[in-house]
Amino acid sequence: MTPMLAVTDVAKSFTMHLRGGLRIPVIEGVSFSVSAGECVALGGPSGAGKSSILKMVYGNYAADRGSIAMATGDGTVDVATADPRAVLALRRERVGYVTQFLRVVPRVSARDIVAEPLVAAGVARDEAAARAEALLERLRLPRHLWDLPPATFSGGEQQRVNIARGFIAARPLLLLDEPTASLDAANSAVVVALIREAKAAGIGFLGIFHDTPVREAVADRVVDVTGFASQVAP
C-alpha cells in the first residue's frame with residue numbers, strides 16, 4: 001500500500017545573507033513514511049530540525065534535495081518540486097497543519113475561524129458553524145468567547161481554536177507542532193482523544209510532541225531527527 005507520506009533523502013540548509021551568504025547545513029538524508037491511521041512523532045532536542053521537517057512537508061520551506069511524496073486521489077505529488085498552485089491544492093484537500101500559535105484574523109470570530117475550512121470546501125455556513133461549535137465545546141472553550149476575535153485570548157485559548165480549525169476538515173494527513181504546548185492536563189486529554197479517533201478513521205499524523213505523556217499516548221513510532229544531523233566538515 002502506498003504511504004500517505006514518503007520522505008526520501010531530504011536535505012535542508014539555511015543561507016545567512018547578512019553574513020556574506022554563509023550556508024549552514026541543518027539536516028540531510030531525512031527518510032521516513034507515514035501510513036493511513038498512523039501517528040509518527042519526530043523526536044530529538046530543540047534545534048535538531050523537527051520544525052524544519054514539518055515546514056518542508058507543508059511546503060513552507062524548500063528542500064535542498066530529496067523528495068516529499070504525498071498521496072492524492074490519483075497518485076502522488078512531490079511537495080519538494082511542486083509548483084505553488086499544486087501545494088495550495090494539497091493544503092485545501094490533503095494536508096492540514098496545527099502550529100503552536102494561531103494566526104489571528106482581525107474582526108473574525110473564533111467560530112468563523114474554525115468553520116472557514118469547511119465553508120471553503122463548500123459546506124453550508126450553518127452546518128459549518130454547528131460543527132465548529134461542537135469542536136469548540138469539546139475543547140472546553142467558553143461559549144462567551146465563540147463570537148469574539150481571538151486576538152485577546154490567552155495562549156491556551158488560542159491554541160484550542162487552532163486545534164479545532166485543524167481537525168474540523170478531516171484532511172487525510174495532519175501535521176502537529178506541539179499541539180498541547182499551552183494546554184492543561186484536561187485539555188491535553190481532549191486532544192489525545194481527538195487524535196486517537198482520527199487515527200481510527202484513517203487519518204495519518206506527523207507531529208512534534210515535547211509533552212512526553214501525550215507522545216506516548218498517541219505515537220505509533222518515533223523518528224529520531226538527530227540521526228539526520230548534517231555532518232559539517234571541520
Side-chain angles (χ1 to χ4, degrees), residues 3-5 7 27 30 32-58 60 70 91 94-104 110 113-114 117 131-132 134-142 145 150 153-228:
M4 304 186 71
L5 175 69
V7 178
I27 46 179
V30 180
F32 63 88
S33 63
V34 179
S35 298
E38 180 182 34
C39 179
V40 175
L42 299 175
S46 178
K50 302 184 298 295
S51 291
S52 293
I53 291 172
L54 282 188
K55 290 175 180 177
M56 285 190 289
V57 171
Y58 198 60
N60 282 348
M70 193 173 296
R91 293 177 184 177
R94 306 297 301 180
V95 59
Y97 193 179
V98 176
T99 67
Q100 297 179 54
F101 308 106
L102 175 66
R103 183 177 64 86
V104 178
I113 287 174
V114 174
R131 289 166 63 178
L135 266 177
L136 290 172
E137 184 167 19
R138 186 170 181 188
L139 285 160
R140 300 153 55 98
L141 189 76
L145 297 180
F153 290 8
S154 71
E157 289 165 347
Q158 289 191 5
Q159 190 164 34
R160 279 176 275 168
V161 173
N162 211 17
I163 291 166
R165 177 182 169 88
F167 275 82
I168 197 168
R171 294 186 178 95
L173 178 66
L174 193 54
L175 312 179
L176 305 176
D177 187 356
E178 297 192 53
T180 59
S182 300
L183 303 185
D184 59 22
N187 285 310
S188 293
V190 176
V191 175
V192 167
L194 286 170
I195 294 172
R196 286 175 167 172
E197 291 167 14
K199 285 172 58 180
I203 291 175
F205 289 88
L206 176 64
I208 301 169
F209 306 93
H210 285 165
D211 187 330
T212 302
V214 170
R215 181 177 66 242
E216 292 177 346
V218 300
D220 297 289
R221 56 192 173 93
V222 177
V223 174
D224 186 356
V225 175
T226 58
F228 306 129

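Everything numeric in this text was worked out from a predicted model, so none of it was measured. When reading the values below, keep in mind they use all heavy atoms of this one structure, side chains included, and skip hydrogens, waters and symmetry mates.
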- [ ] List the steps, then state whether side-chain contact (heavy atoms from CB on, under 4.5 Å) holds for Leu194 with Leu135.
- [x] CA-CA 10 Å; Leu194 286 170; Leu135 266 177; 4.1 Å; yes

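- Closest heavy-atom contact between Ser35 and Pro3: OG-CB, 4.4 Å.
- Summarising the geometry, atom OG belonging to Ser182 is positioned 11.5 Å from atom CG belonging to Leu102; distances are rounded to the nearest 0.5 Å.
- Atom CD of Gln159 sits about 12.5 Å away from atom CG of Leu141, to the nearest 0.5 Å.
- Judged by distance alone, with hydrogens and angles left aside, the side-chain atoms of Asn162 form a donor-acceptor pair with the main-chain N or O of Phe101 at under 3.5 Å.
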Could you go through residues 164-181 and list every donor-acceptor pair under 3.5 Å that involves a side-chain atom there, pairing it with any protein atom two or more places apart or in another chain?
from, atom 1, to, atom 2, distance (Å)
Arg165, NH1, Ile113, O, 2.7
Arg165, NH1, Glu116, OE1, 3.3
Arg165, NH2, Glu116, OE1, 3.0
Arg171, NE, Arg91, O, 2.7
Arg171, NE, Arg92, O, 3.1
Arg171, NH2, Arg91, O, 3.4
Glu178, OE1, His210, ND1, 3.3
Glu178, OE2, Gln100, NE2, 3.4
Glu178, OE2, His210, ND1, 3.1

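- Considering only heavy atoms from C-beta on, Val218 stays 4.5 Å or farther from Phe205 through its side chain.
- Expressed to the nearest 0.5 Å, how far CD1 of Ile163 lies from CG of Leu136 amounts to 11.0 Å.
- With sequence neighbours excluded, the residues satisfying side chain to side chain contact (heavy atoms under 4.5 Å, CB included) with Glu216 are Thr212.
- Looking only at side-chain heavy atoms (C-beta outward), Tyr97 and Asn60 come within less than 4.5 Å of each other.
- Heavy-atom minimum distance, Arg140 versus Ala186: NH2-CB, 3.6 Å.
- Annotation: side chain of Arg221 is in contact with side chain of Glu38 (closest heavy-atom distance under 4.5 Å).
- Of all the heavy atoms in Pro150 and Gln158, the pair that sits closest is O-NE2, 2.8 Å.
- Annotation: side chain of Asp220 is not in contact with side chain of Val40 (no heavy-atom distance under 4.5 Å).
- Of all heavy-atom pairs between Ala110 and Leu145, the closest is CB-O, 3.9 Å.
- Side-chain contact between Leu183 and Leu139 is absent, with no heavy atoms from C-beta onward closer than 4.5 Å.
- Using a 4.5 Å heavy-atom cutoff, the side chains of Ile195 and Phe209 are in contact.
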Identify every side-chain donor-acceptor pair in residues 46-58 under 3.5 Å, counting partners at least two apart or on other chains, and give the distances.
from, atom 1, to, atom 2, distance (Å)
Lys50, NZ, Gly44, O, 2.9
Lys50, NZ, Pro45, O, 2.9

